[in-house]
Amino acid sequence: QVLLGESGGGLVQPGGSLRVSCAASGRTFSIYDIGWFRQAPGKEREFVAAIAWNGGATAYADSVKGRFTISRDSAQNTVYLQMNSLKPEDTAVYCCAGGGWGLSHYPRHYAYWGQGNQVTVSS
């Protein structure tokens, strides 16, 4: 079983930046797609970004395209989400998901989930 742990969240002012990380145990992390999802209070879980197992392709939600960048370091079993120009509406619990395929936007296509990390954008 692959275990995922997120870090790097916190409080940031509007317009600021944060980078959240997702570190995985095991040796199979690099052969599957990785996704980031977020969920704000009272709202549905929302797809944010995904990256292919080989790092050669990415996908982004329209709401974050141009502001967020997903990347991965397969050698260290770590995926990053760089978040720039943050807005209050980006406030949510951010969770990484492993074992995915096809840069899917759907949570059901991911097998492993982290615990989540709070990102709060507020002045």
Side-chain angles (χ1 to χ4, degrees):
Q1 184 174 354
V2 177
L3 301 178
L4 307 178
E6 301 96 339
S7 63
L11 176 65
V12 64
Q13 294 184 340
S17 298
L18 282 176
R19 187 178 72 168
V20 289
S21 302
C22 177
S25 64
R27 299 290 295 177
T28 62
F29 187 68
S30 64
I31 66 174
Y32 296 102
D33 295 353
I34 307 297
W36 282 97
F37 294 80
R38 66 187 184 186
Q39 188 167 22
K43 295 189 176 183
E44 299 288 334
R45 184 185 296 170
E46 178 186 26
F47 171 79
V48 178
I51 188 166
W53 68 271
N54 62 1
T58 58
Y60 297 93
D62 289 341
S63 60
V64 306
K65 188 173 294 184
R67 299 189 298 121
F68 291 11
T69 302
I70 188 170
S71 61
R72 71 186 301 167
D73 183 344
S74 295
Q76 297 186 352
N77 287 342
T78 302
V79 172
Y80 304 97
L81 183 68
Q82 178 67 44
M83 301 179 287
N84 299 326
S85 301
L86 283 161
K87 306 173 182 179
E89 51 263 46
D90 294 317
T91 296
V93 173
Y94 284 71
C95 190
C96 65
W101 60 274
L103 302 180
S104 178
H105 290 208
Y106 303 103
R108 65 184 297 178
H109 295 152
Y110 294 86
Y112 310 106
W113 292 83
Q115 295 295 316
N117 194 263
Q118 179 71 45
V119 173
T120 302
V121 185
S122 176
S123 60

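Position 1 is the first residue of the sequence; numbering continues from there. Because only heavy atoms are used, hydrogens play no part in the values below, and waters and symmetry mates are left out as well, while side chains stay in.
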Do the side chains of Arg38 and Val64 get nearer than 4.5 Å, heavy atoms only?
yes

Between Thr91 and Gln118, which heavy-atom pair has the shortest distance, and what is it?
CG2-NE2, 3.9 Å

To check you understand the geometry: which heavy-atom pair defines the closest contact between Pro14 and Ser123, and what is its length?
CD-N, 3.7 Å

Non-hydrogen atoms of Cys22 and Leu4 that approach each other most closely
SG-CB, 4.0 Å

Can you list the steps and then say if Ser63 with Glu46 is a side-chain contact (heavy atoms from CB on, under 4.5 Å)?
CA-CA 10 Å; Ser63 60; Glu46 178 186 26; 3.5 Å; yes

What's the separation between atom CE in Met83 and atom OG1 in Thr69, rounded to the nearest 0.5 Å?
11.0 Å

Report yes if some heavy atom in the side chain of Asp90 is under 4.5 Å from a heavy atom in the side chain of Arg67; otherwise report no.
yes

Hydrophobic cluster identity match, Trp36 and Tyr80, side-chain contacts under 4.5 Å
no

Kindly say whether Glu6 contributes a backbone atom to a donor-acceptor pair with the side chain of Gln115 at under 3.5 angstrom?
no

Shortest non-hydrogen contact between Ile34 and Ile70, atoms and distance
O-CD1, 4.0 Å

Under a 3.5 Å distance rule, please check whether Asp33 uses its side chain to pair with a backbone N or O of Gly102 as donor and acceptor.
yes

What distance separates Trp113 CH2 from Leu3 CG, expressed to the nearest 0.5 Å?
15.5 Å

Looking only at heavy atoms, the pair that brings Arg72 and Val79 closest together is CB-CG2, 3.7 Å

Calculate, to the nearest 0.5 Å, the distance between atoms OG and NZ belonging to Ser85 and Lys87 respectively.
8.0 Å

Which heavy atom in Val119 sits nearest to a heavy atom in Gly9, and how many Å separate them?
CG2-CA, 4.1 Å

Parallel, tilted or perpendicular: which describes the rings of Phe37 and Phe47, with under 30° parallel and over 60° perpendicular?
perpendicular

Are any of the side-chain heavy atoms of Leu86 and Phe68 separated by less than 4.5 Å?
yes

Without swapping roles, check the side chain of Tyr110 against the backbone of Ser104 for a donor-acceptor pair under 3.5 Å.
yes

Side chains of Asn77 and Ser25: closer than 4.5 Å at any heavy-atom pair?
no

